[in-house]
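In what follows, a single structure is set out as structure tokens and then discussed.
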Amino acid sequence: MLLKLYRINFLSNYPKMSTCVKGKLSYPKDQLNLDLTLLGGQSFRWEKHTNDKKEEKWQGVAFECFWELHQTPSTIKYKVFSNKKHPDEYFTKLLEKYLRLDFDLSGNCEKWKRAHRHFAETSQALKAVRVLDQEPLETILSFICSQNNHIKRISTMVQWLCSKYGSKICSYEGVDYFSFPSLSSLCDHQNELESALREAKFGYRAKFIAGSVKKINESGGNDWFQKLRSLSFKEARVELVTLPGIGFKVADCICLMALNHLESVPIDTHIYKIAQASYLPRLSGIKSVTPKIYEEVAEHFRKIYGDYAGWAQAVLFCSGLQRFQETKGKFVDKTNVCVPAKKQKKK
DNA sequence: CACGGCCCTGCTCC
DNA sequence: AGGAGCAGGGCCG
């Protein structure tokens with residue numbers, strides 16, 4: 001045990017010293033559900049741990065920092081490791097920005113409840129999911145991985161990218177944590193990138209990622225991301241869909257979660273089913289979501305829920321997800337008759 | 001322009 | 001046991 005501690009300290013202090021900062025901010029728990037927000041499919045870099053005393057903590061990497069979060073009814077306490085020196089308040093501000101704590105969730109939920117009956121019915125108990133404000137490159141590559149895929153495998157793939165091309169932030173409790181790779185780091189391996197990804201079981205997404213990295217670099221990298229933030233939502237989306245592997249749905253996820261375009265409403269299969277059942281019954285016979293149908297649904301949500309329609313969608317999505325799990329794969333919207341979950345037995 | 005077939009992998013189901 | 005079916009899409013014909 002002593003030896004182990006010594007090793008960890010030795011490794012993490014040398015050759016590069018990563019500093020640990022502790023901090024705390026006040027925020028009511030009922031306005032921030034960390035499970036839904038961090039583990040619900042926006043980011044793929046967080047894990048929750050519960051010890052035998054049933055104390056919960058969330059660990060993850062964002063903005064080149066490793067974070068450990070604890071939540072009390074009125075506060076969030078954090079530990080953060082970073083390779084770069086910053087004044088302590090930098091981290092508090094960063095965390096507030098990442099979680100968009102300035103957004104009045106309960107106020108907006110009241111508006112959304114008045115805007116449509118379905119919202120009022122589905123979210124009686126507030127699903128306090130917050131839309132994260134994430135880094136564009138990480139969000140783009142992660143959501144390219146998300147197609148035809150589920151959270152668990154996406155997380156594995158993103159983790160692979162980080163440990164292969166990212167840089168080590170710290171070693172904590174015996175685990176190494178890596179930042180998401182920078183654009184330049186990925187470009188340095190441009191020639192081998194696709195084949196390396198293939199080998200790492202990225203499947204057909206390997207080509208998309210390599211191609212997108214190349215194109216992002218040619219477009220100006222971080223300057224291009226800044227430009228996309230300053231453009232209107234739809235202008236930004238037009239630009240994004242020129243990247244290989246990015247269609248409307250993934251582009252909308254990026255706009256919403258990394259480019260500050262909160263009116264963006266990603267229409268995935270879950271949301272489409274909700275739309276068919278409770279918003280646009282006309283679509284109930286139509287299976288394939290063509291670009292035209294996609295836009296119709298998205299515009300419909302924007303019309304109802306306004307400038308922050310994407311956030312309203314996130315809340316609806318979480319409500320749907322929960323029911324999805326409860327019914328063991330059979331998606332059942334509340335407006336339909338609820339099919340009882342199959343009895344599971346078997347060891 | 002709408003549609004179906006296909007794409008990689010890994011897991012679950014039967 | 002081992003093949004079908006599917007998972008928070010996109011591309012191509």
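Chain letters run A, B, ... following the sequence lines, proteins first, then strands; residues in each count from 1.
- For the C1' atoms, the distance from dG5(C) to dG5(B) is 16 Å, rounded to whole Å.
- What separates CG of N149(A) from P of dA7(C) is a distance of 12 Å, to the nearest Å.
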* Determine which bases of DNA chain C form Watson-Crick or G-U wobble pairs with both distances under 3.5 Å, and write the result as a 5' to 3' dot-bracket string with | for other-strand partners. => .||||||.|||||
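- Between Y204(A) and F208(A), the angle of the ring planes goes over 60°, which puts this pair in the perpendicular group of the 30/60° scheme.
- By the 4.0 Å N-to-carboxylate-O rule, K214(A) lies close enough to E218(A) to be salt-bridged with it.
- Remark: P of dA7(C) and CZ of R153(A) are 14 Å apart, rounded to the nearest angstrom.
- As rounded to whole Å, 12 Å separates atom C1' of dC8(B) from atom CZ of F202(A).
- Mapping P244(A) and Q42(A) onto DNA chain C by nearest heavy atom places Q42(A) at the nucleotide closer to the 5' end.
- Here the side chain of S123(A) pairs no donor or acceptor atom with the backbone of A120(A) at under 3.5 angstrom.
- Regarding I144(A), its CD1 atom lies at a distance of 15 Å from the P atom of dC8(B), rounded to whole Å.
- Note on G41(A): a base of the nucleic acid sits closer than 4.0 angstrom, heavy atoms only.
- In the set dG9(C), dG8(C), dC11(C), the nucleotide with an atom closest to the side chain of F208(A) is dC11(C).
- Between Y172(A) and F66(A), the ring-plane angle classifies as tilted under the 30° and 60° cut-offs.
- Look at E173(A) and K57(A) and you find a salt bridge, because one of the NZ, NE, NH1 or NH2 atoms lies within 4.0 Å of a carboxylate O, short of that distance.
- Taking atom CG of residue L141(A) and atom P of nucleotide dG9(C), one finds them 18 Å apart after rounding to whole Å.
- At the heavy-atom level, I154(A) lies nowhere under 4.0 Å from the strands shown.
- Nucleotides dC6(B) and dG8(C) have their P atoms positioned 23 Å apart, rounded to a whole Å.
- Nucleotides dC8(B) and dG13(C) have their P atoms positioned 14 Å apart, rounded to a whole Å.
- Salt bridge E96(A)/K93(A): absent, no basic N to carboxylate O contact under 4.0 Å.
- For H150(A), counting side-chain heavy atoms from C-beta on, the closest listed nucleotide (dA7(C), dC8(B), dG9(C)) is dA7(C).
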Tabulate atom names and distances for all N/O pairs under 3.5 angstrom spanning the protein and nucleotides 1-7 of chain B.
{"residue": "dC3(B)", "atom": "OP2", "partner": "S288(A)", "partner atom": "OG", "Å": "3.4"}

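- In this pair, Y279(A) and H300(A) present their aromatic rings perpendicular. The plane angle is above 60°, beyond the 30 to 60° band.
- Of the charged side-chain nitrogens involved, none lies within less than 4.0 Å of a carboxylate oxygen, so that R237(A) and E263(A) do not count as a salt-bridged pair.
- Going from atom CG of L316(A) over to atom P of dG8(C) covers 17 Å, rounded to whole Å.
- Look at D133(A) and R229(A) and you find a salt bridge, because one of the NZ, NE, NH1 or NH2 atoms lies within 4.0 Å of a carboxylate O, short of that distance.
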